[in-house]
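Because the structure is a prediction, the values reported are computed rather than measured.
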Amino acid sequence: MAISIDKAFGIHEAAVVTRARRAGLIATNLANADTPGYKARDIDFREVLNEATAARDAGQPRRTHERHLGGGPATLGVGGLEGVKYRIPLNPSLDGNTVDMNVEQAAFTKNAMMYQASLHFLDRRVKGLTQVIKGE
């Protein structure tokens, strides 16, 4: 009986990649909190994950890096990054910067916790597969 690695890992592989991309974007937002005119960006995690799982289920190749060739213009967001959108500011500053430190810090913390949870799920799956392969 063949083991499908994609099916064994489920959505967690795509979730970890998307969470890592989101952490980078939020860190960029935090770094540019004092940059005049900077527009905060974020990833709609659910939308990107749904696209990744739909592509996997359809047997289509999926992008694992933003510089890879895409499947079409409909999947491109800001600057060619898939799923990246500008955040709608609650209180934009007078210099045009839309970074809200409280929102960014809360989003970064929540994303980091979810990233750790996905890593934990992946670790458990790998340990389970290892036990199956060893016959334990």
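At least one donor-acceptor pair under 3.5 Å links the side chain of N97 to the backbone N or O of A33. Without hydrogens or angle criteria, N29 side chain to R41 main chain gives a donor-acceptor distance under 3.5 Å. With hydrogens and angles ignored, the 3.5 Å screen pairs a side-chain donor or acceptor of N111 with a backbone N or O of R19. For the pair T98 (side chain) and A40 (backbone), a donor-acceptor distance under 3.5 Å is present. Here the side chain of N50 pairs a donor or acceptor atom with the backbone of R46 at under 3.5 angstrom.
Distance check, rounded to the nearest 0.5 Å: CG of D44 to CG of L49 gives 10.5 Å. How far OG1 of T18 is from CD of E13: 10.0 Å, rounded to the nearest 0.5 Å. In this structure, CG on L25 lies 9.0 Å from CZ on R87, to the nearest 0.5 angstrom. To the nearest 0.5 Å, atom CD of residue Q131 and atom CD1 of residue I133 are 11.0 Å apart.
Residue E104 comes nearest to I26 through the heavy atom pair O-CG2, 3.5 Å, listed as atom of the first residue, atom of the second, then distance. Scanning both residues, F121 and H12, for their nearest heavy atoms gives CD1-CE1, 3.5 Å. Heavy atoms only, all atoms of each residue included: A15 and F45 are closest at O-CE1, 3.8 Å.
Cluster annotation: M113 is not connected to F108 through the hydrophobic network of ILVMFWY side chains, with a link wherever side-chain heavy atoms come within less than 4.5 Å. The hydrophobic cluster containing V16 also contains L129, counting ILVMFWY residues as joined when their side-chain heavy atoms lie under 4.5 angstrom apart, directly or transitively. The cluster map of Ile, Leu, Val, Met, Phe, Trp and Tyr, joined by side-chain heavy atoms under 4.5 Å apart, puts L119 and V126 in the same cluster.
Other residues, nucleotides and ligands place more than 12 heavy atoms under 6.0 Å from the OH atom of Y38. Counting non-hydrogen atoms of other residues, nucleotides and ligands closer than 6.0 Å to CG of D123 gives a total above 12.
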